[in-house]
J.: 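Below is the structure I would like to discuss, written out as structure tokens.
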2 protein chains.
Amino acid sequence: MPKRTDLSDTFCPVGRSAELLGDRAVLLILRDLFFGRRRFEAIAANTGLGPQLVSARLKLMEKQGVVERHAYQERPPRHEYRLTAKGKDLFDVLYAMRNWAERWAYEDGEIGGPAMRYVHRACGTDVGTSTVCPGCGEPLRYGDLKGEPSEALRAEQAARAG
Amino acid sequence: MPKRTDLSDTFCPVGRSAELLGDRAVLLILRDLFFGRRRFEAIAANTGLGPQLVSARLKLMEKQGVVERHAYQERPPRHEYRLTAKGKDLFDVLYAMRNWAERWAYEDGEIGGPAMRYVHRACGTDVGTSTVCPGCGEPLRYGDLKGEPSEALRAEQAARAG
DNA sequence: CTTGTAACTATGATTATCATAGTTACTATC
DNA sequence: GATAGTAACTATGATAATCATAGTTACAAG
């Protein structure tokens, strides 16, 4: 593409978010980070993105302050990527995307239930696709939920990791 | 780009959303639609996107069922684009993006307050960057909020429209 | 009959993306 | 100590998406 118009200086908050989030690769990498995948190769394998793209996006995300690169061993040098507080705060966006897809992006009976089930840790309620726990009424935040992938999703991820 | 891997058949809900939402142009067009901009030229002008991009994305969004093209007059033929129920249900995603940006994407004192203030219509409370009304505790949905752009944002939009 | 407007489509240059292969810096095994 | 293996990348070339600019269609108004 030609240099697309830079949105990082617009006063519109959606525009500023779109500068980072309006990118498939960034969203997929964020998803994996939220799922606890922290290593470069694991992210590349699960997302299906090429290593240069993963590399470029992780650098961008590091520059934006949503991830930080952390050496977890010295010899040989190995790194992992962790979400910062700014990164973890993107949970609402990813969770809203998940909720929308669960409601609209599957054919009836395609899986026979949600692709991913989430349970509120605090009270044990299945939260469905709510932003507020239907059991106890608490707003849902990062770390509050325990996810259980459907059989279909689990099989797909296993195939990619192989 | 070469044909990027299609995510519409993945079982991961974030992946399916990312197929549509992982695109700057789509996000900007959605933002404008949520703000009530329904005409092609108005969207193109405000987003700063070229007409071919706006055209291509609106066609895609129509195909995905998030907008519908509606003739508002016959002679001369004029159309507008409206969010469908599936499209309106993306409100949570856009609102989460806005909240994140308000918290993280501005320098201290860059505007001197939020770029966009939202008030809960039902109770009149300024919702800040919450997903649940801090006044009455209700979850916030599409149509529940009344937005007031900051002076900076209003000036920027006026400049683009001119 | 020229100007204006809405809603686009066409063209060409630029640049991001993907697939594939290669690199670096080690450890482990034979 | 030479070969194989692994993590985390970088390099290269083909392809395709994007932007800027200009042009088109269908009509109304002056």
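So you know, we letter chains A, B, ... as the sequences are listed, proteins then strands, and number each from 1. Keep in mind that the numbers below use all heavy atoms, side chains included, and drop hydrogens, waters and symmetry copies.
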J.: Restricting to salt bridge (Lys or Arg N to Asp or Glu O under 4.0 Å), what partner residues turn up for A/Glu148, sequence neighbours left out?
T.: A/Arg154

J.: Report the distance from atom CD1 of A/Ile43 to atom C1' of D/dT6, rounded to the nearest whole Å.
T.: 17 Å

J.: Starting at atom CG of A/Leu49, determine the distance to atom C1' of D/dT10, rounded to an integer number of angstrom.
T.: 17 Å

J.: In this structure, how many angstroms lie between the C1' atom of C/dA16 and the CG atom of A/Leu53, rounded?
T.: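 Taking atom C1' of C/dA16 as the reference, CG of A/Leu53 is at 8 Å.
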
J.: List the atom pairs, with distances to 0.1 Å, where a side-chain N or O of residues 82-90 of chain A and a protein N or O form a donor-acceptor pair under 3.5 Å, not counting sequence neighbours.
T.:
{"unit_1": "A/Arg82", "atom_1": "NE", "unit_2": "A/Glu80", "atom_2": "OE2", "d": "2.8"}
{"unit_1": "A/Arg82", "atom_1": "NH2", "unit_2": "A/His70", "atom_2": "NE2", "d": "3.3"}
{"unit_1": "A/Arg82", "atom_1": "NH2", "unit_2": "A/Glu80", "atom_2": "OE2", "d": "2.9"}
{"unit_1": "A/Thr84", "atom_1": "OG1", "unit_2": "A/Gly65", "atom_2": "O", "d": "2.6"}
{"unit_1": "A/Thr84", "atom_1": "OG1", "unit_2": "A/Val66", "atom_2": "O", "d": "3.2"}
{"unit_1": "A/Thr84", "atom_1": "OG1", "unit_2": "A/Lys86", "atom_2": "N", "d": "3.4"}
{"unit_1": "A/Thr84", "atom_1": "OG1", "unit_2": "A/Gly87", "atom_2": "N", "d": "3.1"}
{"unit_1": "A/Lys86", "atom_1": "NZ", "unit_2": "A/Gln64", "atom_2": "O", "d": "2.8"}
{"unit_1": "A/Asp89", "atom_1": "OD1", "unit_2": "B/Arg103", "atom_2": "NH2", "d": "3.4"}
{"unit_1": "A/Asp89", "atom_1": "OD2", "unit_2": "B/Arg103", "atom_2": "NE", "d": "2.8"}
{"unit_1": "A/Asp89", "atom_1": "OD2", "unit_2": "B/Arg103", "atom_2": "NH2", "d": "3.2"}
{"unit_1": "A/Asp89", "atom_1": "OD2", "unit_2": "B/Trp104", "atom_2": "NE1", "d": "2.6"}

J.: Test question: given the 4.5 Å side-chain rule for I, L, V, M, F, W and Y, name all other residues clustered with A/Val132, or answer none.
T.: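 A/Val132 clusters with B/Val132.
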
J.: Do any pairs count as a salt bridge (Lys or Arg N to Asp or Glu O under 4.0 Å) and have a residue in residues 119-147 of chain A, sequence neighbours left out, and if so which ones?
T.: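 Checked against salt bridge (Lys or Arg N to Asp or Glu O under 4.0 Å) - neighbours excluded - the pairs reaching residues 119-147 of chain A are A/Arg117-A/Asp126.
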
J.: What's the CZ-C1' distance between A/Arg57 and C/dA16, to the nearest Å?
T.: 8 Å

J.: Taking CZ from B/Arg24 and C1' from D/dT18, how many angstroms apart are they, rounded to a whole number?
T.: 10 Å

J.: Tell me: CG of B/Asp23 to P of D/dC19, nearest whole Å?
T.: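 That distance rounds to 9 Å.
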
J.: Please state how far atom CD in B/Gln52 lies from atom C1' in D/dA17, giving the value in whole angstrom units.
T.: 11 Å

J.: Mind listing the N/O atom pairs, protein and nucleotides 7-9 of chain D, below 3.5 Å?
T.:
{"unit_1": "D/dA7", "atom_1": "O4'", "unit_2": "A/Arg78", "atom_2": "NE", "d": "2.8"}
{"unit_1": "D/dA7", "atom_1": "O4'", "unit_2": "A/Arg78", "atom_2": "NH2", "d": "3.1"}
{"unit_1": "D/dA8", "atom_1": "OP1", "unit_2": "A/His79", "atom_2": "N", "d": "3.4"}
{"unit_1": "D/dA8", "atom_1": "OP1", "unit_2": "A/His79", "atom_2": "O", "d": "2.4"}
{"unit_1": "D/dA8", "atom_1": "OP2", "unit_2": "A/Phe40", "atom_2": "N", "d": "3.4"}
{"unit_1": "D/dA8", "atom_1": "N7", "unit_2": "A/Glu41", "atom_2": "OE2", "d": "3.1"}
{"unit_1": "D/dC9", "atom_1": "OP1", "unit_2": "A/Arg69", "atom_2": "NH1", "d": "2.3"}
{"unit_1": "D/dC9", "atom_1": "OP2", "unit_2": "A/Arg69", "atom_2": "NH1", "d": "3.3"}
{"unit_1": "D/dC9", "atom_1": "OP2", "unit_2": "A/Tyr81", "atom_2": "OH", "d": "2.7"}

J.: If the condition is salt bridge (Lys or Arg N to Asp or Glu O under 4.0 Å), which residues does B/Arg37 pass it with, not counting sequence neighbours?
T.: B/Asp32

J.: Going through the distances and angles, do B/Phe34 and B/Tyr142 end up as a ring-ring contact (aromatic ring centres under 6.0 Å, His included)?
T.: CA-CA 9 Å; B/Phe34 274 111; B/Tyr142 177 63; 5.3 Å; yes

